[in-house]
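Below, chains carry the letters A, B, ... as their sequence lines are ordered, and counting in each starts from 1. Heavy-atom basis, side chains included; hydrogens, waters and symmetry copies ignored. Note that the structure is predicted; figures quoted are calculated from it, not measured.
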Amino acid sequence: MTKRSIHWFRKGLRLHDNPALLAACENAVDVKPIFILDPWFASSARVGVNRWRFLIQTLQNLDQSLKNTILGTFVTCCKGYPRRSFPELFKQWETTHLTFEFDIEPYAKVRDAAVKALAEKSGVEVMTCVSNTLYDTDKVIKANGGNPPLTYQRLQTVLSKMGAPPKPVEGPKEIKTKIAANHDTEYGVPTMADLGKDDSECGPLLFPGGESEGLKRLDTMMKKQYYYYSLYYLYNWVCKFEKPKTEPNTLSPSTTVLSPYLKFGCVSARTFYHDVQNVYRQNKNHTQPPTSLLGQLFWREFYYVIASVSPNFDKMEGNPICTQVDWDDNKEYLNAWREGKTGYPFIDAIMIQLKTEGWIHHLARHAVACFLTRGDLWCHWEEGMNVFEEWLLDADWCLNAGNWMWLSASAFFHQYFRVYSPIVFGKKTDKDGNYIRKYLPQLKHFPTQYIYEPWTAPLKVQEKAGCVTEKRKTESSEDGTPKKRRKTEGKNSKITDFVKKSK
DNA sequence: TCGAACGTTGCTATA
DNA sequence: TTATAGCAACGTTCG
């Protein structure tokens with residue numbers, strides 16, 4: 001039998017560690033690597049211009065890697081709903097095999113099941129591989145007795161029983177394909193303009209998309225060294241990494257910024273994992289999960305495993321792991337937060353960085369998420385999640401929802417009285433407010449003494465600094481105590497109520 | 001079955 | 001300077 005394959009790229013936009021792509025290539029006379037611009041994503045307002053740019057660059061890079069280096073083929077980009085596109089493609093290309101990476105997202109599950117059924121109807125053999133996560137999430141759940149581990153420690157226990165995640169596989173050596181004459185015009189990688197997006201709305205290009213950029217960044221981070229306490233001892237930065245000790249408000253990132261590359265699968269989590277292990281082997285002493293760099297990959301795994309089986313994971317209602325809270329519906333507060341106009345310079349600077357650059361430090365995410373929800377504004381975490389989904393380069397469905405539940409103390413984290421102060425928290429790592437001065441240039445000349453609380457400066461000082469503050473858009477408790485108390489009952493009492501009623 | 005322990009990264013007051 | 005209690009809308013795990 002003559003094997004003619006389609007490898008369907010969705011996430012996993014890479015050649016390295018892509019087992020489904022390898023499977024497509026094996027003994028095939030023709031392989032079509034395709035990416036489908038799904039209108040479900042394209043029509044969604046929740047992809048900001050910066051992430052569109054990242055995706056386009058990633059596709060261009062993939063196209064180039066396939067075209068110019070070893071493989072002599074193209075990424076074919078199609079527009080349309082996958083379930084409508086595939087039957088025609090199967091016929092046109094006389095396809096016998098379809099391969100793609102396994103995905104746990106609800107939309108993907110439905111989409112993939114539909115495509116699988118279509119393929120089988122057309123006599124096309126389907127093969128999927130797990131390569132987005134370190135482990136097969138179903139196997140993790142099985143190893144935990146059929147339920148997802150709801151605490152990090154529990155996950156660690158389960159993973160330690162499972163051993164190391166699989167080693168990454170090599171990229172394909174050769175892809176055979178026949179290129180259609182109309183390839184570039186009909187099936188080439190689209191530009192921003194093709195998608196109706198305005199390049200000029202993008203922020204500065206700090207993190208270009210693509211596998212090449214991702215692997216380069218990974219390599220740089222793995223080799224990063226620094227002098228620790230002394231000019232004589234060089235340490236591997238990776239071995240000393242402790243997340244809580246990295247700073248949210250430095251002028252250049254204090255962490256790896258590999259997250260956008262993991263989100264799109266430009267860099268394989270398994271490649272990342274085994275690279276870190278290689279660095280660890282060179283140094284006896286290194287930090288440990290959950291705060292270590294490897295620990296961060298386990299956090300990703302944590303949310304993927306739980307999200308893979310939790311109903312309504314990205315919503316409060318109908319979500320059995322989420323505490324039901326009577327959040328306010330305050331559009332004014334939400335808008336002020338979104339647009340960086342709360343009146344708290346630390347909060348506003350973070351939101352401006354997010355909007356313009358598409359990446360903010362993990363602890364900066366904590367500060368603004370806590371502020372929007374349980375800390376101060378009492379807005380719904382889903383609203384914050386939606387804003388992050390639009391603006392973050394690394395917006396990853398389950399990580400985003402999971403972290404918003406965490407920060408709003410709706411799931412996983414419950415010590416509601418641990419509230420980040422919009423004034424004090426930033427001061428600890430940026431006493432002079434240089435981060436604020438960068439993202440809020442209107443405060444550039446404000447005296448350091450008042451920069452975290454400009455409304456406390458005497459009017460004369462404000463005038464001299466060239467910025468007179470308005471009344472704050474939002475009010476805050478400011479002292480690290482939650483502003484409000486929950487009106488509704490916790491998850492368990494809710495369930496008890498339900499049981500009582502049904503009896 | 002139930003209670004104790006404790007949970008990736010808060011803040012303030014007090015000793 | 002550093003350690004600790006207290007906050008008092010908590011929930012999961014484990015013995």
Side-chain angles (χ1 to χ4, degrees), chain A residues 144-160 240-250 254-255 259 286-303 305-306 310 316 319-328 344 346-347 350 360-376 378 380-381 399 402-430 452-453 476-496:
Chain A
N144 192 47
N147 292 311
L150 290 174
T151 64
Y152 188 88
Q153 285 196 349
R154 184 84 209 122
L155 177 80
Q156 270 192 290
T157 309
V158 176
L159 294 188
S160 67
K240 288 277 172 196
F241 184 96
E242 285 180 88
K243 191 58 160 283
K245 289 188 180 168
T246 60
E247 301 180 359
N249 46 6
T250 46
S254 63
T255 49
S259 52
H286 58 79
T287 50
Q288 295 291 331
T291 57
S292 65
L293 191 56
L294 210 59
Q296 306 313 301
L297 277 175
F298 294 142
W299 278 111
R300 179 175 181 271
E301 206 72 6
F302 177 71
Y303 290 122
V305 169
I306 299 166
S310 296
M316 179 180 82
N319 183 345
I321 61 169
C322 182
T323 307
Q324 305 297 302
V325 177
D326 188 16
W327 302 108
D328 292 342
Y344 291 90
F346 178 59
I347 299 298
I350 293 168
I360 51 177
H361 185 275
H362 188 65
L363 290 176
R365 301 179 196 205
H366 279 214
V368 296
C370 183
F371 185 86
L372 179 72
T373 58
R374 68 188 163 91
D376 290 283
W378 211 257
H380 204 302
W381 61 266
L399 306 190
N403 277 306
W404 273 96
M405 280 190 271
W406 185 293
L407 261 304
S408 60
S410 298
F412 315 119
F413 171 85
H414 309 283
Q415 288 141 295
Y416 51 87
F417 46 81
R418 291 194 185 169
V419 174
Y420 292 88
S421 161
I423 294 158
V424 172
F425 187 67
K427 274 186 192 171
K428 287 192 285 190
T429 48
D430 181 24
Y452 282 85
E453 310 167 81
S476 166
S477 48
E478 293 177 8
D479 61 355
T481 53
K483 192 182 171 192
K484 282 206 184 186
R485 310 236 162 144
R486 280 199 179 143
K487 293 169 195 158
T488 44
E489 292 166 13
K491 196 186 81 179
N492 283 336
S493 47
K494 192 101 183 171
I495 289 168
T496 315

Problem set entry | Value in whole Å for how far the P atom of C/dG6 lies from OH of A/Y416 | 14 Å
Exercise. Rounded to whole angstroms, how far apart are CZ on A/F241 and P on B/dT9?
Worked result: 15 Å
Exercise. Just how far, in rounded Å, is P of B/dT9 from CZ of A/F298?
Worked result: 18 Å
For this session: For residues A/Y420 and A/L407, determine if any side-chain heavy atom of one lies less than 4.5 Å from a side-chain heavy atom of the other.
Result: yes
Exercise. Side-chain contact, heavy-atom cut-off 4.5 Å: A/P289 with A/Q156?
Worked result: yes
Exercise. P atom, B/dA5 versus C/dG6: distance in rounded Å?
Worked result: 16 Å
For this session: Could you tell me whether the side chain of A/F241 reaches within less than 4.5 Å of the side chain of A/T246, counting heavy atoms only?
Result: yes
Exercise. Taking OP1 and OP2 of B/dC11, is either one under 4.0 Å from a side-chain nitrogen or oxygen of A/K428?
Worked result: yes
Problem set entry | salt bridge (charged side-chain N to carboxylate O under 4.0 Å, His left out) partners of residues 363-372 of chain A, not counting sequence neighbours, each pair once | A/R365-A/D394
Exercise. With distance as the sole test, does A/Y452 use its side chain to make a donor-acceptor pair with the main-chain N or O of A/G426 at under 3.5 Å?
Worked result: yes
Exercise. Quick one: A/D376 CG to B/dG10 C1', roughly how many Å, whole number?
Worked result: 13 Å
Problem set entry | P gap between B/dC6 and C/dA8, integer Å | 23 Å
All N/O contacts under 3.5 Å from nucleotides 6-8 of chain B to the protein, with atom names and distances to one decimal?
unit_1, atom_1, unit_2, atom_2, d
B/dT8, O2, A/P290, O, 3.4
B/dT8, N3, A/W299, NE1, 3.2
B/dT8, O4, A/H362, NE2, 3.1

For this session: Rounded off to whole Å, could you give me the CZ-to-P distance for the A/F425 and B/dT12 pair?
Result: 12 Å
Problem set entry | Length of the line joining A/I423:CD1 and B/dT12:C1', which is rounded to integer Å | 14 Å
Seminar exercise, completed: Rounded to whole Å, CZ of A/F417 lies from P of C/dC10 at a distance of 9 Å
Seminar exercise, completed: Separation of B/dC11 atom P from A/K427 atom NZ, nearest Å, is 11 Å
For this session: If the plane angle is over 60° it's perpendicular, under 30° parallel, otherwise tilted; pick one for A/Y152 and A/F302.
Result: tilted
Exercise. Would you write out the dot-bracket form of DNA chain B, 5' to 3', with Watson-Crick and G-U pairs under 3.5 Å, [ ] for crossing pairs, | for pairs to other strands and . for unpaired bases?
Worked result: .||||||..||||||
Problem set entry | P-based separation of C/dC14 from B/dT8 [nearest Å] | 12 Å
For this session: Please name the pair of heavy atoms, one in A/Q415 and one in A/R374, separated by the smallest distance, quoted to 0.1 Å.
Result: O-NH1, 4.3 Å
For this session: Report yes or no: do A/H286 and A/S292 form a side-chain donor-acceptor pair below 3.5 Å?
Result: no
Exercise. Parallel, tilted or perpendicular: which describes the rings of A/Y303 and A/W406, with under 30° parallel and over 60° perpendicular?
Worked result: perpendicular
For this session: Sticking with atom P, work out how far B/dC11 lies from C/dG11, rounded to a whole angstrom.
Result: 23 Å
